[in-house]
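Report on one structure; see the data block that follows.
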Amino acid sequence: MSFSSFQAPSNAPAYSFAKEANSGFREHRFNPYTDNGGSILGIAGDDFVVLAGDTRSTSGYNINSRTQKKVFSIGGYKNSLVIATVGFGADARDLVEKMKRAVEDYKFAHNLRDMSVSAAAQQLHTLLYGNRFFPKYAYCVLGGIDSNGKARLYSYDPIGSYSKEGESRAAAGAASSLIVPFLDNQVEFKNQHTREANGEFVEKAVHPLPLDHVVKLVKDAFTSATERHIEVGDGLQLVIVTAQDGLSEQIVPLKQD
Amino acid sequence: MSSPFSINGGACVAMVGKDCVAIGCDLRLGNQALTISNTFPKIFNYGQTYLGLTGLATDVLTVSDLFRYKVNMYRLREERDIEPETMANLVSSSLYEKRFGPYFVSPVIAGLNSRTGKPFICGFDSIGCIDFAKDFIVSGTASDQLFGTCESFWEPDLGPEELFETISQSLLNSVDRDALSGWGAEVYVITKDGVTKRLLKGRQD
Amino acid sequence: MAHGIMDGTDGWGTGGCLSRLSDSGREVLLGITGKDFTIIAASKAAVRGITILKAEDDKTRALNQHTLMAYSGEAGDTVQFAEYIQANVALYGMRTNLTQELSPPAVANFVRNQLATSLRSRNAKHVNLLIGGFDPVKKTPHLYWMDYLAAKAEVPYAAHGYAAYYCLSILDKHHHPDIDLEKGKELLKMCIGELRHRMPIEFKGMRVKVVSAEGITELEEF
C-alpha cells in the first residue's frame, strides 16, 4: 500500500507521445510534485565542510534555469550552517525558508544563543517528518561547524531519516548513483589496500582529507556527472565552511550541453 | 524489478588503453534478491575478441553459445580468427534479426585488431544498435554507477597495468553500490603480447 | 513494454496464492555435492492449490546411470518435460553409438538447450530443475541449478522454491567441497530440520537419492 497523496515522479522522461495507461477510465488528478533534476554533494573534512550543487534546474527535457543555486546559508552557530537540497524545487526552497526561520526563532527563544549544527540537524528532521503524510519532495544535506570547531555533515531522505553521528560525505539527486561509488573510493578509500610490513594487505585507513584535495574531488565528481547525466550541468556552486574563515562561495562553470 | 534485464543482475565494462584494451565483469547470478551463484562469468572469448554479456542469464548463455557456433563457422570458412570490428557487425546483425522478440542482453566487445594492433571496443543495445566509443563502454544493472566511476577514473593512453587498476577500481566500486551485481569479478587485459586474466576478490554481500 | 515474461503475471490472470504456478514455490528441491557424490532431494508432496494430492510423489527422473534430474513447476509440464528429456538422452546415446554415456555436463547442456528452445516457443514449459551427477571418468561430482527460463549454473549446493531462503544460508556456513557422504547427509538433515521447524508448508518429507560412481541409489533413512 502506498499513500495516495505521495507519488514521487518517476525518473523516466514523460514522452509527449506516451500512451496513457488504459484502465477503462481516465482519471485527471493534480500532481503536486515535479522533479527539477540536478545533484548535490557534501564532504566533511576535519575542520571544514564543502557543500556543492550544480546550478541547472530542469523539467523533463527543458532547462528552466542555468543559474539556480541549490546550496543555502541559514545562519546558526558562527554563521556556519549550510543546507543543500535537490528534488522538487518549490519544496526545497520552502524547506530552506522554514529552516532559516527556525534558526532565527531559536536565537530569540534561547537568550540570543545561536543554534548548533546538531540542533539544526534535529530541527530539519522534525520539519521533514512533520510532513510525513504529504512529504516535502526534497533530499537534503546539512553541514556546519560544531562547538569544538569540528566539521559536521548530515544527510536526509524526503521524510527526514538521518544519522545523528553524521557522515563523512553525502550525495543526492539525479546523478547520485554516478557520484556515490566515486566518493566511496576517494573519500572512504573503499577497495583500496596497503601492504603491511609482513606482506599482508590491509584496508587503507580512512583519514580526513585536506581542503584543496576535497575541492578537486568535488570538481571531478561534477564534471563527470555533467558529462554523463543530462540533468546536471551549467555551473557548480561550491560553498566552503571552515572553523577559522567562515563561509565562502564560488561558482565554477560546467558544460552547458 | 520484473524487467528481464534486471532479474538476474550483473555488470560489465570495457576500456581502451595505449595499445591495449581491458574488459571486466562481475560474477553474480541471482534470482531477484536471492543470489544463486558467485561463479557466473559474463565474458566469453572468440579467438582474440572478447564479448561481455549482461542481462537475462538464459540469454547470456544462449547468445554466447550462438556466437561460439557462428564464430567457429566463420573460422572454418575464412581460415583465420574473427576481427573485433567484424565481430561487432556480426553481433549487431544477429541481434537485429530478433528485432521483435529480442534477446534481453546488453553486449560489450573488446579486442585488438590483429593486423593493425588498434584497440577496439563497442557496446550494443538488445536489438543490435552499435555504440562505438573511444574511451569505455558499460552495461548491466550497475551501469549508472559504472558511468560515474569510469568517467572519473579513465584517462587516455593508460598502459596495461594502469588500465587494469583503472578498470578494476571502476568495476569494484560500482558493483558495491548495486545490490544485484558483485560477488567477485574478473578482468581481462589484452595486449599484442598476450592476454592476462585476473580474478578479483570482492565483497560477498 | 509488453513482453509476456516481463509483465509479472503468471499468465493465468489470478496472480494470487492459489494460482497453479505458485505451487512450484512450495515444492522443495535440494542438491548437495561432496567429494565423490551428489545428493538430490525432493519433497514427497504433490500439491495443487490448497490440496495435497499425493504424499509419496517422486519428483526425479534418472537421465542415465550417473545423472539424476529433479524437477518442480507447472503440473503437466514437469513430468512431460522430464520424460521427454529422459527418452531423448537415451536416443542421443543410441544414435551416436557412444560406448560411454553422456557426462553430466553434456546432459545438463542438452537439457538447457531443450528448455531454452521451449522458452521461446508458443507454449513454454514452466519447469525448474536440479541436475545432479557424477562423472565416472573424471571422478568429479556435478550439480546444476536451472530455472524455467533455462538460466543454468554449476554450483556446489542448490535449492529451488521457498526452501532456498531457509537452506542456502545453512549450506553457505557448513558446506565444503571435500565432505564425505556422511557429512552430506548430516547437512541435508540440518536443512530438512530447518524446513520442518520454520517453513509453514507441509511438504510430506523428502525423497533423497545419491549419485556416485556406483550409480543412483535412494536413501531410505529420510
Side-chain angles (χ1 to χ4, degrees), chain B residues 1-10 25-42 44 53-69 94-95 97-106 125-127 140-141 180 183-184 186 203-205, chain C residues 1-11 15 24-25 29 31 33 108-122 124-125 127-130 143-169 171-173 175 177:
Chain B
M1 272 294 166
S2 60
S3 155
F5 290 100
S6 56
I7 293 172
N8 302 119
C25 68
D26 74 328
L27 291 176
R28 182 178 183 266
L29 169 74
N31 213 199
Q32 317 251 51
L34 177 71
T35 300
I36 300 297
S37 172
N38 49 200
T39 48
F40 191 82
K42 294 158 192 75
F44 308 88
L53 293 164
T54 62
L56 193 67
T58 183
D59 287 345
V60 170
L61 297 170
T62 305
V63 170
S64 65
D65 283 353
L66 178 72
F67 285 121
R68 186 177 59 182
Y69 165 74
S94 300
L95 289 178
E97 217 168 71
K98 297 266 185 287
R99 172 63 179 81
F100 296 109
Y103 293 118
F104 298 108
V105 289
S106 314
D125 65 7
S126 59
I127 51 171
T141 52
L180 300 182
W183 282 261
E186 63 185 37
R203 296 174 66 106
Q204 297 290 312
D205 65 354
Chain C
M1 295 211 231
H3 303 286
I5 59 170
M6 58 187 282
D7 60 12
T9 62
D10 56 15
S24 71
L29 251 46
T33 61
N109 274 304
F110 175 74
V111 175
R112 199 201 90 80
N113 255 314
Q114 294 297 317
L115 195 57
T117 309
S118 150
L119 182 70
R120 289 183 188 275
S121 70
R122 202 169 55 83
K125 295 263 186 297
V127 188
N128 301 310
L129 303 165
L130 290 182
L143 175 63
Y144 295 91
W145 177 95
M146 202 185 308
D147 67 7
Y148 73 99
L149 299 169
K152 176 176 76 96
E154 181 161 18
V155 285
Y157 45 86
H160 272 299
Y162 295 122
Y165 297 102
Y166 296 92
C167 300
L168 289 184
S169 53
L171 293 164
D172 282 341
K173 187 169 173 64
H175 184 269

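Numbered from 1 within each chain, the chains take letters A, B, ... in sequence-line order.
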Compare all side-chain heavy atoms of B:Thr62 with those of C:Arg112 and state whether any distance is below 4.5 angstrom.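 Sidechains of C:Arg112 and B:Thr62: in contact.
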Are the side chains of C:Leu168 and B:Leu34 in touch, meaning some heavy atoms are under 4.5 Å apart?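 Yes, side chains in contact.
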Please assess C:His160 against B:Asn31 for the test side chain to side chain contact (heavy atoms under 4.5 Å, CB included), listing each intermediate value before the final yes or no. CA-CA 10 Å; C:His160 272 299; B:Asn31 213 199; over 6 Å; no
Would you name the heavy atoms of C:Ala151 and B:Thr58 that are closest together and state the gap between them?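 Shortest heavy-atom contact: N-CB, 3.8 Å.
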Between B:Pro102 and C:Arg120, what is the shortest heavy-atom contact and its length?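 Nearest pair, atom of B:Pro102 first, then C:Arg120: O-NH1, 3.3 Å.
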Partner set under ring pair (Phe, Tyr, Trp, His ring centres under 6.0 Å) for C:Tyr157, not counting sequence neighbours: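 Ring pair (Phe, Tyr, Trp, His ring centres under 6.0 Å) list for C:Tyr157, sorted by chain: C:His175.
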How long is the span from the CG atom in C:Asp172 to the CG atom in B:Asn38, to the nearest 0.5 Å?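 If we round to the nearest 0.5 Å, C:Asp172:CG and B:Asn38:CG are 8.5 Å apart.
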Any residue meeting side-chain hydrogen bond (donor to acceptor under 3.5 Å, both in side chains) with B:Ser94, in chain and number order, not counting sequence neighbours: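 side-chain hydrogen bond (donor to acceptor under 3.5 Å, both in side chains) list for B:Ser94, sorted by chain: B:Lys70.
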B:Leu61 portion near chain C, given a 4.5 angstrom heavy-atom threshold: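 Contact with chain C involves both backbone and side-chain atoms of B:Leu61.
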Does any heavy atom of chain B fall under 4.5 Å from the side chain of C:Asp147, the backbone, both, or neither of them?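 Just its side chain gets close to chain B.
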Please classify the contact of C:Ala150 with chain B as side chain, backbone, both or neither, using a heavy-atom distance under 4.5 Å.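 Both parts, heavy atoms under 4.5 Å.
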